[in-house]
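Only one structure is covered here, and it is reproduced in the block below.
Positions are given from 1 along the sequence.
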Amino acid sequence: MLRGALLTLLCLLGPAVRAEDPYLFFDWKITYGTISPLGVPQQAILINGEFPGPNINSTSNNNVVINVHNQLDEPFLFTWNGIQQRKNSWQDGTAGSNCPIPPGQNFTYHFQVKDQIGSFMYFPSLAMHRAAGGYGGLRVHSRALIPVPFDPPAADYTVLIGDWYTKSHKILAKLLDDGRTIGRPTGTLINGHSGKDVIGKDEPPLFTMEAGKIYRYRVCNVGIKVTLNFRIQSHSMLLVEMDGSHTVQNNYDSVDIHVGQCMSVLVTANQKPSDYYMVASSRFTKYTLSATGIIRYAGSNTPPSQDLPPAPSGWAWSFNQWRSFRWNLTASAARPNPQGSYHYGQINITRTITIGNSVGQVNGKRRYALNAVSHENTATPIKLAEYFNVSNNVFQYGIMADQPPATGAEIKIAPNVANITFRTFVEIVFENPERSMQAYHLAGYSFFPVGMGHGQWTPESRKTYNMLDAVSRHTIQVYQRSWSAVLLTFDNAGVWNLRSELWERRYLGQELYISVVSPARSLRDEYNMPDNALLCGDVANLPKPPPYV
């Protein structure tokens, strides 16, 4: 009887035990190494000796566990660009959410990728480390129960494009600390290569295709400054996904990919067997930078044509391409906001925040600001200061107003932390009065980029919004002397980074942190601080607060 009862109990418990979501384990050693992607030997940040770093190949709801050993001579953190970290800002990996990993020590990230089916990337979040490498692709595949709106491709390729400097990240940081600019990039890379060796000969092919088959290319702009246009010689590209959202499928000869953004395109190998160039070239700059990479048809011994497809010109072309992007509302993947804000056009806006970027001098040195506040990181991460209830010793809330100040307002350097009420529906308008491009990323969320326009935003601009099928994403561009508007529900409790993805600007203050507090202090809304969390600053020696229940 007892044995039978035990077997019955095990049968009842077994499915629950076996149903735990799978784990993926990684062990990464972060070191310096010498590379020469533009023909000049330079110091870079490597992951297990690799540049770029390894792909994280996950499936929705996987638990990703990454043990990071910092063997650099500086504190270090990774951030997982676009992974929402639902209820778990403890794993976001920014200076406002985590204590940095000291040199010679390690920290283990543990996060779940949830139902964000698509293409993402990771990179270092502190100092100017991102300019030295340490980046890689992060894929989230669909579970078998969630169909994808296209057939499985013959192969799935990650393409990391970005501008590149030959100066070390320490030299770039010193230039900024001294009040100077880092200037223009030296060149552009595709998967760590410029496409040419030191004598101008083509480097070996990056990818191979077989005639008649269809391939997926996940293209991410991992650079720090420049929008890039991506195209493949003689081939059109069917856009199917961006930043974790499936799109209405349209063909493009080329796509503009702004800093921090990812897109997936399907490419049919329907040309004669040969080699073909893929090209990534700069946009919206007075200078031209480009990189090439070769795609080889299997069995080809024909070199690529030297007649490269040209890039588009002007911002209007790019703006019109953005207008053509639409969310695929028939795809059956989970919507990004569980509370139902995919019906965003039917929700009343509770707060409008207009954010204007600016640049100016403070004590004779260049600073970048949002609504005249230039963010300064704190010794105690903002999330930890809140959790341990010592915020008053670390920062003040609400220094930045909800509207930009008058032109020429004095820039204030301070920790920039905004409160937003849990589960409220908010409109954020980004205004860019400058002659250069901007791109903004919000951690912890996907938002709906509903509108863009030239000049200054007004309430009348809402009449132009797409209130039906804007593509849900995490990073949005703002064109020169223009505005972009996004809508979202702040339903993810935690402390989240809103930053310029142009790293020179972020380094000198163009970012803020948004505190979203659940009044319930409940595990329903937010996870407890992990047991392995690093403690620093004012909380280094404090006892842990009572856990959420």
Side-chain angles (χ1 to χ4, degrees), residues 118-119 137 139 148-161 188 190-191 195 202 205-221 227-258 261-283 288 290-300 302-328 330-331 469 471 473 477:
S119 309
R139 304 174 182 175
V148 171
F150 50 87
D151 292 333
D156 194 329
Y157 296 134
T158 293
V159 186
L160 303 176
I161 63 176
T188 305
I190 301 177
N191 284 4
D202 282 333
L206 293 174
F207 306 108
T208 300
M209 300 195 299
E210 293 185 24
K213 294 185 177 181
I214 298 175
Y215 295 81
R216 181 174 184 170
Y217 289 84
R218 302 173 187 259
V219 191
C220 297
N221 187 337
T227 295
L228 296 176
N229 180 266
F230 179 79
R231 52 207 184 272
I232 299 176
Q233 197 174 45
S234 302
H235 291 75
S236 65
M237 300 176 291
L238 184 69
L239 180 67
V240 295
E241 175 260 333
M242 56 176 60
D243 291 349
S245 292
H246 291 125
T247 64
V248 171
Q249 297 177 11
N250 292 320
N251 277 296
Y252 297 92
D253 291 329
S254 71
V255 287
D256 276 354
I257 305 180
H258 305 274
Q261 294 180 346
C262 293
M263 295 185 183
S264 281
V265 295
L266 297 181
V267 177
T268 301
N270 56 7
Q271 301 299 304
K272 66 180 182 180
S274 178
D275 290 357
Y276 295 89
Y277 284 121
M278 58 174 63
V279 185
S281 61
S282 55
R283 292 277 277 132
T288 300
S290 66
T292 58
I294 289 178
I295 299 174
R296 171 164 292 172
Y297 276 57
S300 165
T302 304
S305 166
Q306 298 303 302
D307 185 16
L308 294 179
S313 61
W315 76 274
W317 182 94
S318 188
F319 173 75
N320 287 330
Q321 182 175 79
W322 171 81
R323 292 181 65 185
S324 73
F325 299 152
R326 290 290 185 268
W327 202 17
N328 187 343
T330 64
D469 58 357
V471 181
R473 57 194 319 187
Q477 72 271 21

>> What I'd like to find out is whether the side chain of Asn229 reaches to under 4.5 Å of the side chain of Pro312, using heavy atoms alone.
In response: yes
> Checking side chain to side chain contact (heavy atoms under 4.5 Å, CB included) for the pair Val159/Phe230: CA distance, chi angles, key distance, verdict?
Replying inline: CA-CA 10 Å; Val159 186; Phe230 179 79; 4.0 Å; yes
>> I need the minimum non-hydrogen distance between Ser119 and Cys262, along with the two atoms involved.
In response: O-CB, 3.5 Å
> Which heavy-atom pair separates Lys272 from Tyr276 by the least distance, and what is that distance?
Replying inline: O-OH, 2.7 Å
>> Out of the candidates Leu160, Asp243, Ile161, Ile257, only one should pair with Cys220 under the side-chain contact (heavy atoms from CB on, under 4.5 Å) rule; please name it.
In response: Leu160
>> Can you give me the closest heavy-atom contact between Ser245 and Trp327, atom names plus distance?
In response: CB-NE1, 3.5 Å
>> Nearest 0.5 angstrom please: Met209 CE to Arg296 CZ, how far?
In response: 12.5 Å
>> Consider side chain to side chain donor-acceptor pair (under 3.5 Å). Of Arg139, Arg218, Arg216, which one does Thr158 pass it with?
In response: Arg139
> Got Met237 and Val255 here, is their nearest side-chain heavy-atom distance under 4.5 Å?
Replying inline: yes
> Should we count CG of Asn251 as having more than 12 external heavy atoms under 6.0 Å?
Replying inline: yes
>> So, taking the atom named CG in Leu308 and the one named OG in Ser281, what distance separates them when rounded to the nearest 0.5 Å?
In response: 9.0 Å
> Rounded to the nearest 0.5 Å, how far does CZ of Arg473 lie from CD of Gln261?
Replying inline: 4.0 Å
>> Testing the basics here: between Thr188 and Ala280, what is the closest heavy-atom pair and its distance to 0.1 Å?
In response: CG2-O, 3.8 Å
> So Tyr217 and Phe207, would you call those rings parallel, tilted or perpendicular, with 30° and 60° as cut-offs?
Replying inline: perpendicular
> Do Thr292 and Tyr277 come within less than 4.5 Å of each other through their side chains, counting heavy atoms only?
Replying inline: yes
>> For a quick test of reading the model, state the closest non-hydrogen atom pair linking Ser254 to Gln321 and the distance between them.
In response: O-NE2, 2.8 Å
>> Please report the interatomic distance OG1(Thr288) to CZ(Arg283), rounded to the nearest 0.5 Å.
In response: 11.0 Å
> Tell me, do Val265 and Tyr252 make a side-chain contact under 4.5 Å, heavy atoms counted?
Replying inline: no
>> Testing the 3.5 Å rule here: is there a donor-acceptor pair between the side chains of Asp256 and Thr227?
In response: no
> Going by an N to O cut-off under 4.0 Å, is there a salt bridge joining Asp253 and Arg231?
Replying inline: no
>> So, taking the atom named CG in Leu238 and the one named OG1 in Thr247, what distance separates them when rounded to the nearest 0.5 Å?
In response: 7.5 Å
> Are a donor atom and an acceptor atom from the side chains of Gln271 and Gln233 found within less than 3.5 Å of each other?
Replying inline: no
>> Checking His235 against Tyr215 for the side chain to side chain contact (heavy atoms under 4.5 Å, CB included) test, could you report, in this order, the C-alpha distance in whole Å, the side-chain angles of both residues, the deciding distance, and whether it holds?
In response: CA-CA 12 Å; His235 291 75; Tyr215 295 81; over 6 Å; no
>> So, taking the atom named CG in Asn250 and the one named OG in Ser236, what distance separates them when rounded to the nearest 0.5 Å?
In response: 11.5 Å
> Checking side chain to side chain contact (heavy atoms under 4.5 Å, CB included) for the pair Ile190/Leu206: CA distance, chi angles, key distance, verdict?
Replying inline: CA-CA 9 Å; Ile190 301 177; Leu206 293 174; 3.8 Å; yes
>> Looking at every heavy atom in both Glu210 and Ala298, which two are closest together, and how far apart are they?
In response: CG-CB, 4.0 Å
>> Taking the side chain as everything from C-beta on, heavy atoms only, tell me whether His258 gets closer than 4.5 Å to Trp322.
In response: no
